[in-house]
Amino acid sequence: MDTTDVDLGERIQKVLSRGGIGSRREIERWIGEGRLKLNGAVVTLGTRIKTGDFLQINDRVVHWEKFTVQPTRVLLYHKPTGEVVTRRDPEGRPVVFTQLPSLTASRWIAVGRLDINTSGLLLVTNNGELANRLMHPSTQVEREYAVRVLGEVPDAIIERLKQGVELEDGVAKFNDIRFYAGEGANKWYYVTVKEGRNRLVRRLWESQNVVVSRLMRVRYGPVVLPERLKAHSFYELDAKEIDLLVEFAGIKEEAVHTNTKPDVKKTSQ
């Protein structure tokens with residue numbers, strides 16, 4: 001069991017991954033490159049950090065104390081179009097993090113991104129290890145989208161998108177495409193992908209000269225956007241729901257410290 005010893009402290013990569021600085025593997029690579037210093041000395045693998053220690057990455061101070069163990073929280077946020085998934089936007093556009101409840105001892109981490117013109121399900125959590133696991137390419141987490149396209153889509157194009165097409169950053173495909181509805185100019189489809197590449201769903205359709213007029217993420221792995229959750233609102237998973245997500249991500253339950261308070265479930269209006 002991977003537990004914390006109060007006297008010896010915690011491994012640095014564990015603390016920083018929890019805070020969303022990077023995955024454990026990334027931080028171990030940074031350690032190997034000599035980019036971390038603890039109390040002025042270059043960090044080596046296996047180094048632990050404890051209360052009062054002074055940590056730097058690339059000579060910049062890291063206030064790591066806020067990444068100490070906190071109960072894991074996960075929000076399902078219904079992102080509207082027009083909001084950007086960033087903490088600050090130089091163009092002054094609305095950002096999703098201003099819509100979320102404030103945290104005192106950690107920060108919210110978005111599980112993947114949605115571009116400004118895409119709405120729907122955005123998972124956010126204060127557990128960096130959980131976020132990294134859900135986003136890592138090796139996890140192959142399915143993302144499902146509802147897509148409205150303009151005009152008829154021939155069967156040959158559907159088959160091509162399922163088999164794979166060449167994009168500027170490599171071959172990509174839809175793992176599934178299902179026609180949903182539409183009798184006029186607009187047609188609705190449900191599509192799934194297992195990658196988080198930038199604008200992948202739009203680019204796949206555009207590669208076949210199909211115009212996407214609306215795009216909405218409705219599922220991320222086992223988590224589905226609740227039908228009654230309005231745009232700009234969030235729903236907080238309860239302890240049992242978090243345990244299921246943690247199990248799906250393949251993380252040991254005791255390493256997550258899930259919140260067991262009965263009143264943790266709520267939605268914003």
Over 12 foreign heavy atoms within 6.0 Å of CZ, R197: yes
Distance col, row M135:CE vs I109:CD1, nearest 0.5 angstrom, shows 7.5 Å
Could you give me the CA-CA distance, side-chain angles and deciding distance for L245 and V223, then say whether side chain to side chain contact (heavy atoms under 4.5 Å, CB included) is met? CA-CA 8 Å; L245 184 59; V223 181; 3.9 Å; yes
Please examine the side chains of F234 and Q99, heavy atoms only from C-beta on, and report whether any two atoms are closer than 4.5 Å. no
Can T86 and D89 be counted as having a side-chain donor-acceptor contact under 3.5 angstrom? no
Exam field: side chain S213 to backbone R148, donor-acceptor pair closer than 3.5 Å: yes
Can you tell me if R199 uses its side chain to pair, donor with acceptor, with the backbone of L204 under 3.5 Å? no
Do L123 and V95 sit in the same hydrophobic cluster, where Ile, Leu, Val, Met, Phe, Trp and Tyr count as joined when their side-chain heavy atoms come under 4.5 Å apart? no
Taking atom OG1 of T81 and atom CD1 of I116, what is their separation to the nearest 0.5 Å? 8.5 Å
Counting only heavy atoms not in E247, do more than 12 sit closer than 6.0 Å to its CD atom? no
Short side-chain to backbone donor-acceptor contact, N186 and L150, under 3.5 Å: no
Work out which heavy atom in V224 is nearest to a heavy atom in L76; give both atom names and the distance. O-CD2, 3.7 Å
Output the distance between atom CD1 (I27) and atom CD1 (I21), rounded to the nearest 0.5 Å. 7.0 Å
Salt-bridge present (D169, R203; N to O < 4.0 Å): yes
Kindly give the heavy-atom pair with the smallest separation between L134 and V141, and that separation in Å. O-CG2, 3.4 Å
Side chains of E129 and S17: is there a donor and an acceptor less than 3.5 Å apart? yes
Side chains of R25 and R29: closer than 4.5 Å at any heavy-atom pair? no
Any chance you could lay out the side chain to side chain contact (heavy atoms under 4.5 Å, CB included) test for V74 and L130, step after step, and finish with the verdict? CA-CA 10 Å; V74 179; L130 177 60; 3.9 Å; yes
Can you name the nearest heavy-atom pair linking A172 to L200, along with the distance? CB-CD1, 3.7 Å
Might you work through the side chain to side chain contact (heavy atoms under 4.5 Å, CB included) test for I31 and R35, ending with a clear yes or no? CA-CA 6 Å; I31 291 173; R35 295 165 60 181; over 6 Å; no
Would a distance-only check, ignoring hydrogens and angles, find a side-chain to backbone donor-acceptor pair under 3.5 Å from R133 to A249? yes
Salt bridge between R93 and E83, side-chain N to carboxylate O under 4.0 Å? no
Roughly how far apart are L36 CG and T47 OG1, rounded to 0.5 Å? 9.0 Å
Test your reading of the model: is there a side-chain donor-acceptor pair from K194 to the backbone of N175, 3.5 Å cut-off? no
Heavy atoms of G112 and V85 approach each other most closely as O-CG1, 4.2 Å
List the residues meeting salt bridge (charged side-chain N to carboxylate O under 4.0 Å, His left out) with R217, not counting sequence neighbours, and say none if there are none. none
Assert yes or no for the condition that the ring centre distance of W205 to Y145 is strictly below 6.0 Å. no
Measure from the side-chain N and O atoms of E26 to the backbone N and O of S23, and report whether any donor-acceptor pair falls under 3.5 Å. yes
Answer whether the closest heavy-atom distance between the side chains of R219 and T192 falls below 4.5 Å. yes
Using a strict threshold of under 4.0 Å (side-chain N to carboxylate O), is an ion pair present between R178 and D176? yes
I'd like to know if K14 pairs up with E10 as an ion pair, taking the criterion as any Lys NZ or Arg NE/NH1/NH2 lying under 4.0 Å from an Asp or Glu carboxylate oxygen. yes
Show your working on side chain to side chain contact (heavy atoms under 4.5 Å, CB included) between S207 and L167 and close with a plain yes or no. CA-CA 7 Å; S207 74; L167 301 179; 3.9 Å; yes
Please examine the side chains of P101 and R73, heavy atoms only from C-beta on, and report whether any two atoms are closer than 4.5 Å. yes
Between E65 and D53 the two heavy atoms that sit nearest each other are OE2-O, 4.1 Å
Do L38 and F54 have side chains that get closer than 4.5 Å, going by heavy atoms? no
For H232, does its backbone N or O pair with a side-chain atom of H78 as donor and acceptor, under 3.5 Å? no
Does atom CD of E168 have more than 12 heavy-atom neighbours, drawn from other residues, nucleotides or ligands, at distances under 6.0 Å? yes
Count the heavy atoms of every other residue, nucleotide or ligand shown that sit under 6.0 Å from CG of N58, and state whether that count exceeds 12. yes
Would you kindly confirm whether W188 and L121 end up in one hydrophobic cluster when ILVMFWY residues are joined by side chain heavy atoms under 4.5 Å apart? yes
Could you tell me if the side chain of I49 sits less than 4.5 Å from the side chain of L55, heavy atoms only? yes
Shared hydrophobic cluster, V61 / W30 (ILVMFWY, side-chain heavy atoms < 4.5 Å): no
Are the side chain of N126 and the backbone N or O of W108 linked by a donor-acceptor pair below 3.5 Å? no
L75 vs L100 side-chain heavy atoms within contact, under 4.5 Å: yes
Residue pair V218 / Y190, side-chain heavy-atom distance below 4.5 Å: yes
Looking only at side-chain N and O atoms, does Y235 offer a donor or acceptor that is under 3.5 Å from a partner on E241? yes
Keeping K187 on the side-chain end and V147 on the backbone end, is there a donor-acceptor pair under 3.5 Å? no
Drop me the distance from E28's CD to R11's CZ, to the nearest 0.5 angstrom. 8.0 Å
Spacing of E144 atom CD and M216 atom CE [to the nearest 0.5 Å]: 11.5 Å
Give a yes or no on whether the ring-centroid distance for Y189 and F179 is below 6.0 angstrom. yes
Under 3.5 Å, is there a donor-acceptor pair between the R143 and Y220 side chains? yes
Taking atom types as modelled, find out whether N127 and T72 have a side-chain donor-acceptor pair closer than 3.5 angstrom. yes
Hydrophobic clustering (ILVMFWY, side-chain heavy atoms < 4.5 Å, transitive) - are L215 and I157 grouped together? yes
Tell me whether V171 is reachable from V191 by hopping between hydrophobic residues (I, L, V, M, F, W, Y) whose side-chain heavy atoms are closer than 4.5 Å. no
Which atoms form the tightest heavy-atom contact between N132 and G22, and what is the distance? ND2-O, 3.1 Å
